[in-house]
Student: 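This structure is in structure tokens; I'll ask about it shortly.
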Amino acid sequence: MNATLQLKDGITLEAESFGAPVSTSGEVVFSTGMMGYPEGLTDPSFKGQILVLTYPLVGNYGVPNKNLWEADRLMVSGLIVSNYIDTPSHFQSQNSLAKWFKNEKLPLIQIKDTRGLTQHIREKGSLLGKISINKPIGYYDPNKENLVKQVSIKNISYLPSTNKKAKTILLLDCGAKRNIINSLRKRNVSVIVAPWDFDPFTKKGESKIEEITGSKKHFDGLFISNGPGDPTFVTKTITTIKKSMDLKIPTMGICLGHQLLTLAAGGETTKLRYGHRSQNQPCIMEGSPRCYITTQNHGFAVNDIPSNFKKWFTNANDGTNEGIIHTKLPFMSVQFHPEATPGPYDTEWLFDFYLEKIKS
Amino acid sequence: MKDIKKVLVLGSGALKIGEAGEFDYSGSQAIKALKEEGIEVVLVNPNIATIQTSKILADRVYFLPVNPDFVEKIIDKERPDGIFLSFGGQTALNCGLDLFNQGILKRYNVQVLGTPVSTIELTEDRQAFADHLHKLDISTPVSKPAYNTKDALAIAQELGYPVMVRSGFSLGGQGSGIAKSEKELKDISDRAFSFVKQILVEKYLHHYKEVEYEVVRDKFDNCVTVCNMENMDPLGIHTGESIVIAPSQTLTNYEYHSLRSIAIKIVRSLNVVGECNVQFALNPKPQTVDDPEKIPFEYYVIEMNARLSRSSALASKATGYPLAYVAAKLALGKNLTELKNKVTKTTQFCFEPALDYLTVKIPRWDLNKFKKAENTIGSSMKSVGEVMGMGRTFEEAFQKAIRMLDLDFEGVIHESLFKDDDQIKEQLKRPTPNRMFAIAHALIIGITVEEIYELTGIDPWFLYRIDNIVQQEKALKFKKKLTKEILLSLKQIGTSDKRIGSLTNKTGLEIRELRKNYGIVPAILQIDTLAGEFPAQTNYLYLTYNANHYDVKPLKNKGVIVLGSGPYRIGSSVEFDWTSVTTVMRLKDHDKKSIVINCNPETVSTDYDISDRLYFEELTFERIADIYDFEKSYGIIVSMGGQTPNNRAKALKAYGAPLLGTDPDNIDRAENRTRFSALLDELEITQPPWDSFTTVTKAMSFSKKVGFPVLIRPSYVLSGQSMKICHSEKELRDFLGEVASISQEYPVTISKFVEDAKEIEVDCVAEKGIVKALVVSEHIEHAGVHSGDATVAQPAQRIYLETLRKIRLITKSIAKELAITGPFNIQCLAKGNNVAIIEVNLRASRTFPFISKVIGTNLIEMATDAFFGKNIKPLNGNISDLDFVAVKAAQFSFARIAGADPTLGVEMASTGEVACFGDDVEEAFLKAELSVGVKIPKKGVFISIGGEVNKYKFLEEAINYLFSLDLPIFATDKTAKFLHRYGIPVKRVYKLYETKTPNVIDYFKSGKIDLVINIPDQDVERAINDGYLIRRAAIDNNLAVFTNQQKAILFLKAITEKKIETLPIKAWDEYK
Ligand SMILES: Nc1ncnc2c1ncn2[C@@H]1O[C@H](COP(=O)(O)OP(=O)(O)O)[C@@H](O)[C@H]1O
Ligand SMILES: Nc1ncnc2c1ncn2[C@@H]1O[C@H](COP(=O)(O)OP(=O)(O)O)[C@@H](O)[C@H]1O
Ligand SMILES: [Mg+2]
Ligand SMILES: [Mg+2]
């Protein structure tokens, strides 16, 4: 089936449609990661975005069972590939990529020159765009609203550790990837997963926690997840982080969580021209000769570090900030994804680093 | 780390199976990296055809064997501060280990730079490595080490057959094999123990995926995997023999990154500094587990190579990440983040490249060049080269790579290859170099993907891609019109114009015309390491139909295209990379930008910092024309990359492309036998009598008239070598009856074979028909040994002045008649003072690097200047006046090719070459032989000379050396009697057909013999067979074998006259 891809700056490209025959619009971004499209496509940080994958072959190993996704559904608004593969081969594959998109009523299109499109986005910066199949559709700018609301969970839940003495982490889900929760649980802590706007420091919040954990004990650490869009919309979470830091509760943020922690501590964020979406971003740890390969998926970044914090990680390619850490207190955050999936596990140790702070 | 001012780099010596051109690439990059730091570089590498041994790179070059004896003396003389062991393959690594273990490095205070020796040792000792991994909780296949065959058999009993045998301290799967029974294991094990002390007997992992990671680590523990690669062929087929795809296609994120993490864990645990490669086996269908949180995953580590390897060269080319260069910098203690990405020029090297294309590597085999060789492939390497196709669909990259092999395959479908459908399943079960064509054929005849998977172990993913090609071609048969959509779709799966033409009854050119009318032309894209994320300055390019823009602008009149050599193969290898690269460098002097087209990942010419622009592309007419259409270059050079580019001359000229150098019609006059013959007659130059025949009767009567032996060149052969010497009527009749077709369509060319003639090689440069340089060199072997296999001396030692004078005159008249501009080469025979011409090549020949480096004048630079009509200065003086002699010797890889007969003949069989210098022929020859792995005998010599005449000829020259040899001599019946008659003490041993013990082979096995001289007599059938078994046994027992009279005698002379201890150690620049 035929489709067209239109960019707001006037470019129109013919495409072939493999997914659902529905039109979509959003911000067009590209990712250069070569691995793990099932994980990538279910990353809630992609909310509101039409994704271009620069690796040309997509669909090779089909789609695995839901429990291997990063969320319970596709998060991109649409997908653009160069060469869609409809003959997946893998023991875990349960479905083809096209069927998945059809089931979830989202478009998956093939244009041949995804490199040309990528270069265009690189030069112009992220652009609004739309995929039209059958029905016309207007442009939509996801950066004008609070996307976190759309992807955060609705109900608080409690995932206890088998270890009775385990510490408890409160995770504010701004669109959390499943592997953040798994990475914490793997380390023998109990996790409370709460919606983005949950405030644990109110009476109501306290009793909610007591209700689900069955214990009067509050929580030992706060964790703020990744998520989509402009951090400045996510004011409720920022307020919660402020309170948490005032109480000197060990706090860690990932990706959007990094930006929210920064804002809570008085720093500033900005929109990057076309963001970092890849699995090969080198990040140098300040004051060390060490550089880590990281997965990233963000359009906004920290450009002003809050006082009493210092640079923790810096992008070796373009010098943007990749992490901050408080000079004395256990507050820290990183722009990249230590939980990986997709991508390298090289910074997984950050979970241990953070949990150490809770124990001491 | 102490202050490093001078570094010794060990090269890998001659190209051989399993260790080929990739080490010229890695060594060259290492030297470049060292020079940038202001470090003085001393290189030991007898491979004279390499770029690393050129003046432009190392400060000092030793053309000497890379073994501890020689290297110790070089160290003593040069006193380097550090040594690089990991850039010269297994040869350098093993030599380095010996130097270390003998305490030599310590004695001279030479620091091993990069990965520590302890790590190298651990990774080479397969059992110790497995033990190490188990401590890290990393799995390896169940295995046990064996130190003799008896133990091996016992272990196999325990594990159950089939078992996998692998040997340590070797490469290219040497000594490895899959044993399905006790007998097979015994054979493999016996053979392996002739080469190594330890083997590993392990569980055979049937149809696992084989995946590799290239890992880089600096001394600060920064560690990245630059590339992962998936073998299309399952485990059990050596990675060097496999079709390899980068990046992996069928691995999930979990599998990819779990293996990546394990690779990094291993590398860190071993303190690797530099580059290494980790190979894995991955179960495509692991046992599922009940726990839903646990992801099924079953892997084993196969091995780790703590050095640059074939795979790392491939990975460098596949990603644009110069692994060898980076490894060299890291060995000097640099941090990865300090090194600027040379492709983007804005980012740095501590990252993992993101590709927005994929690459497919296919090995090139030349098994039919080996008499009696088995045609199957497996866990030990037999291929002699490789190509890499790039594209944005698998089909595109794959079919490009198939054409790059330069074997006249237009794509994966080849109708006439398998006549017999019944045998196709057999073909799939027993993989051969043609397996990919068998797969396509199987799909055509309706064998299902599942069934093919069961038979081959090739993941269905790849089979479906091949099926896509099959289906699209099939559909074409039912289409009436070749519409734009259909044509574009075919181009996007890599179908050539010619192929589309042959499916639609048109010529390739007509299709080209049609598609250009439709506006279907390939896009030109950059390899930029970051998939377009950052703007890149890179000049590293490929073409694809799966995009529609150009990343670069044409160079127009500023650009000159140099066509590279394509895959290394028997008859065309690193020497043509040297000629190409030298040409590229010289273009700067003519204010031109160089544009290289080549498709061989092992080469230096495909290093993107060599030329102004690199197209990693096919050397087909279609692709060259596409690039020319875009670039509109000033000219194209076809004469520097060997025969492949030369073959394109005619079509390119017809297309209207400007070629630099000799006119293609004159090239044709030299290449077309009939036209060439007429030309020689016209110039009154003698040639051996020859003619073409379409019937056996006529062929026979000609042969009788000129007299046997005759040399046959059929135009179509079923299998096996294409040229043959026939000594009798019977042999001729058999050959024409069984092996070669003779018909109107396939005429056979027969020449009188001139016996006992000297063969002489003339390398020249001419400008507008005037010879500007003419260098004569001489073969040690008489004519009948292919010039590529022959031992060549420069300057010529034993040619009459009158012969030389005739050769000069002949050369001049040919150059004039063909109005030659550029390099050319003439091969001739001399007997008495008669000179006859065998062939003229209007291109640079194999001997150009050798000649240029010996005489001290770069003939390729001269030839390049000639292209620009600069009226170049003739090479002056009498170059025969050199005060030294250089000898080029061939490297044979017979041990790698099970069953191959090591005799030399008119078909080339060597895989590489070396050249060494000396004060006389004997010295240079001895060094050269030592360089190709021949050892001076210390135990005993076995001699078997076929035929009465041969015996006399041999003894006449060899008698004195045999007397002064001071070693026990063994011989078979007649030779023994003969030697005895002349008073040479000799012990008789039995031939095999005598069925008495101990026979020859028992002696070989018992280690009492370490030199075998076996001169076959062509006439006797049984002797040939017995002789074959003897020669083969000698090869399998790792003994030095000489099968040519002249060469054997020279060797005897050299070892009796020279002592290895007193051979002078002199660098190249000391020979003046
Ligand atoms: N246990 C095994 N079962 C099946 N095939 C194996 C096994 N071990 C190794 N191989 C095959 O043998 C090849 C050569 O083994 P490897 O250890 O890599 O030798 P080399 O050092 O010569 O490269 C591998 O590439 C792989 O295909
Ligand atoms: N007429 C001949 N008499 C004797 N030897 C010959 C004759 N023709 C060719 N040869 C031998 O065969 C070898 C290969 O022949 P050639 O025509 O040069 O083939 P190629 O094109 O493969 O180099 C030569 O190097 C030479 O040793
Ligand atoms: Mg190895
Ligand atoms: Mg290997």
Side-chain angles (χ1 to χ4, degrees), chain A residues 30 32-40 53-57 60-61 64-65 67-68 82-83 85-93 112-119 121-123 182 274 276-282 284 288-293 316-318 340-346 348, chain B residues 218 220-225 247-254 256-258 260-261 264 284-286 288 292-293 295-296 335-337 346-348 350-358 392-394 459-462 464-465 467-468 492 523 525 530-535 545-549 551:
Chain A
F30 66 86
T32 65
M34 300 189 289
M35 289 297 141
Y37 57 82
E39 291 86 350
L53 288 176
T54 61
Y55 187 68
L57 278 57
N60 293 6
Y61 31 87
N65 194 304
N67 70 333
L68 296 173
S82 173
N83 179 17
I85 302 291
D86 202 32
T87 48
S89 168
H90 198 273
F91 76 94
Q92 283 174 321
S93 173
K112 279 292 161 184
D113 200 353
T114 45
R115 180 174 168 87
L117 179 58
T118 299
Q119 288 165 330
I121 297 170
R122 181 187 78 206
E123 296 308 318
N182 292 344
Y274 52 90
H276 293 153
R277 291 176 190 85
S278 56
Q279 299 159 15
N280 63 349
Q281 294 286 340
I284 292 176
S288 87
R290 289 299 309 276
C291 180
Y292 298 90
I293 306 302
N317 283 345
D318 62 8
T341 57
Y345 301 115
D346 296 10
E348 222 189 346
Chain B
D218 67 18
F220 306 97
D221 211 19
N222 290 314
C223 197
V224 298
T225 62
S248 64
Q249 297 304 312
T250 69
L251 267 60
T252 60
N253 179 70
Y254 182 78
Y256 178 103
H257 282 289
S258 299
R260 176 187 176 278
S261 295
I264 289 180
K285 292 174 179 166
T288 44
E293 298 290 305
I295 300 173
N335 187 309
L336 265 176
T337 56
T346 53
T347 57
Q348 44 77 58
C350 189
F351 82 114
E352 302 187 348
L355 281 54
D356 57 4
Y357 54 90
L358 77 161
R392 282 168 59 85
T393 63
F394 171 77
D459 194 285
W461 189 86
F462 297 103
Y464 283 122
R465 302 333 303 149
D467 195 41
N468 183 30
Q492 285 171 339
L525 302 185
L530 283 165
E533 187 186 355
F534 285 89
Y545 284 94
N546 293 286
N548 43 36
H549 74 278
D551 277 352

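These numbers were taken from a predicted model, which means no experiment stands behind them. Quick note on labels: first sequence line is chain A, next is B, and so on, each numbered from 1.
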Student: When you measure from the side chain of B/N546 to the backbone of A/N83, do you find a donor-acceptor pair of N or O atoms at a distance under 3.5 Å?
Tutor: no
Student: Backbone N or O of A/C291 within a donor-acceptor pair of the B/N222 side chain at under 3.5 Å?
Tutor: yes
Student: State, to 0.1 Å, how close B/D459 and A/S89 come at their nearest heavy-atom pair, and which atoms those are.
Tutor: OD1-OG, 2.6 Å
Student: Please check: side-chain N/O of A/R115 versus main-chain N/O of B/Y357, any donor-acceptor pairing under 3.5 Å?
Tutor: no
Student: Where does B/P353 contact chain A at under 4.5 Å (heavy atoms): side chain, backbone, both or neither?
Tutor: backbone
Student: With side chains defined as the heavy atoms from C-beta onward, is the minimum distance between A/T114 and B/R392 less than 4.5 Å?
Tutor: yes
Student: Using non-hydrogen atoms only, which part of A/I284 is less than 4.5 Å away from chain B: side chain, backbone, both, or neither?
Tutor: side chain
Student: Does any non-hydrogen side-chain atom of A/D86 lie less than 4.5 Å from one of B/Y464?
Tutor: no
Student: Please look at A/Y292 and chain B and tell me whether the side chain, the backbone, both or neither of the residue comes under 4.5 angstrom of a heavy atom of that chain.
Tutor: neither
Student: Check each atom of A/N60 against the heavy atoms of chain B and say whether the ones under 4.5 Å are side chain, backbone, both or neither.
Tutor: both
Student: Under 4.5 Å from any heavy atom of chain A, what part of B/N468 do you find: side chain, backbone, both or neither?
Tutor: neither
Student: For the pair A/R122 (side chain) and B/G532 (backbone), establish whether a donor and an acceptor sit closer than 3.5 Å, ignoring hydrogens and angles.
Tutor: yes
Student: Is any side-chain heavy atom of A/K112 closer than 4.5 Å to a side-chain heavy atom of B/T393?
Tutor: yes
Student: Between B/D551, B/T346, B/L358, which shows the greatest number of heavy-atom pairs under 4.5 Å with chain A?
Tutor: B/D551
Student: Checking B/P460 against chain A: side chain, backbone, both or neither under 4.5 Å from a heavy atom?
Tutor: both
Student: Heavy-atom distances under 4.5 Å only: say whether A/N317 touches chain B with side chain, backbone, both or neither.
Tutor: both
Student: Does any backbone or side-chain atom of B/S248 lie under 4.5 Å from a heavy atom of chain A? Answer side chain, backbone, both or neither.
Tutor: both
Student: Could you have a look at A/A340, A/P88, A/G343 and say which one has the most heavy-atom pairs with chain B under 4.5 angstrom?
Tutor: A/G343
Student: Between A/R290 and chain B, which part of the residue has a heavy atom less than 4.5 Å away: side chain, backbone, both or neither?
Tutor: both
Student: Tell me whether B/N253 contacts the main-chain N or O of A/Y37 through its side chain, where contact means a donor paired with an acceptor under 3.5 Å.
Tutor: no
Student: Measure distances from B/N335 to the heavy atoms of chain A and classify the residue's part below 4.5 Å as side chain, backbone, both or neither.
Tutor: side chain
Student: What part of B/T337 gets closer than 4.5 Å to chain A, counting heavy atoms only: side chain, backbone, both or neither?
Tutor: side chain
Student: What part of B/S261 gets within 4.5 angstrom of chain A, counting heavy atoms only: side chain, backbone, both, or neither?
Tutor: side chain
Student: Does any backbone or side-chain atom of B/F462 lie under 4.5 Å from a heavy atom of chain A? Answer side chain, backbone, both or neither.
Tutor: neither
Student: Of the backbone (N, CA, C, O) and the side chain (C-beta and beyond), which part of B/Y256 lies under 4.5 Å from a heavy atom of chain A, both, or neither?
Tutor: side chain
Student: For the atom pair CD (A/Q119) and NE2 (B/H549), what is the distance rounded to the nearest 0.5 Å?
Tutor: 4.0 Å
Student: With respect to chain B, which residue among A/G36, A/S93, A/P289 yields the maximal number of heavy-atom pairs within a distance under 4.5 Å?
Tutor: A/P289
Student: For each of A/I121, A/L57, A/T118, tally heavy-atom pairs with chain B at distances under 4.5 Å, and name the one with the top tally.
Tutor: A/L57
Student: For a quick test of reading the model, state the closest non-hydrogen atom pair linking A/P282 to B/Q348 and the distance between them.
Tutor: CG-NE2, 3.3 Å
Student: Between A/L68 and chain B, which part of the residue has a heavy atom less than 4.5 Å away: side chain, backbone, both or neither?
Tutor: side chain
Student: Could you pull out the closest heavy-atom pair between B/W461 and A/T87, with the gap in Å?
Tutor: CD1-O, 3.7 Å
Student: To the closest 0.5 Å, what do you measure between OH (A/Y61) and CG (B/L251)?
Tutor: 8.5 Å
Student: Can you say whether B/L530 sits under 4.5 Å from chain A via the side chain, the backbone, both, or neither, judging by heavy atoms?
Tutor: both
Student: Measure the spacing between OG1 of B/T225 and CG of A/N280 and express it to the nearest 0.5 Å.
Tutor: 10.0 Å
Student: Return the minimal non-hydrogen interatomic distance between B/E533 and A/S278, and the atom names on each side.
Tutor: OE1-OG, 4.3 Å
Student: Between B/T250, B/V224, B/D221, who has the most heavy-atom pairs with chain A when the cutoff is under 4.5 Å?
Tutor: B/D221
Student: Roughly how far, to the nearest 0.5 Å, is the CD atom of A/Q92 from the OG1 atom of B/T252?
Tutor: 5.5 Å
Student: If you count heavy-atom pairs under 4.5 Å between each of B/P286, B/S258, B/A523, B/P535 and chain A, which one has the most?
Tutor: B/P535
Student: Heavy-atom distance under 4.5 Å to chain B: side chain of A/S288, backbone, both or neither?
Tutor: neither
Student: Name the region of A/T32, side chain, backbone, both or neither, that has any atom closer than 4.5 Å to a heavy atom of chain B.
Tutor: both
Student: Short question: side chain of A/D113, backbone of B/N548 - any donor-acceptor pair under 3.5 Å?
Tutor: yes
Student: Which atom pair, heavy atoms only, marks the closest approach of A/M35 to B/P247?
Tutor: CE-CB, 4.5 Å
Student: Flag the one option from B/K285, B/E352, B/Q492 with the top tally of heavy-atom pairs under 4.5 Å to chain A.
Tutor: B/E352
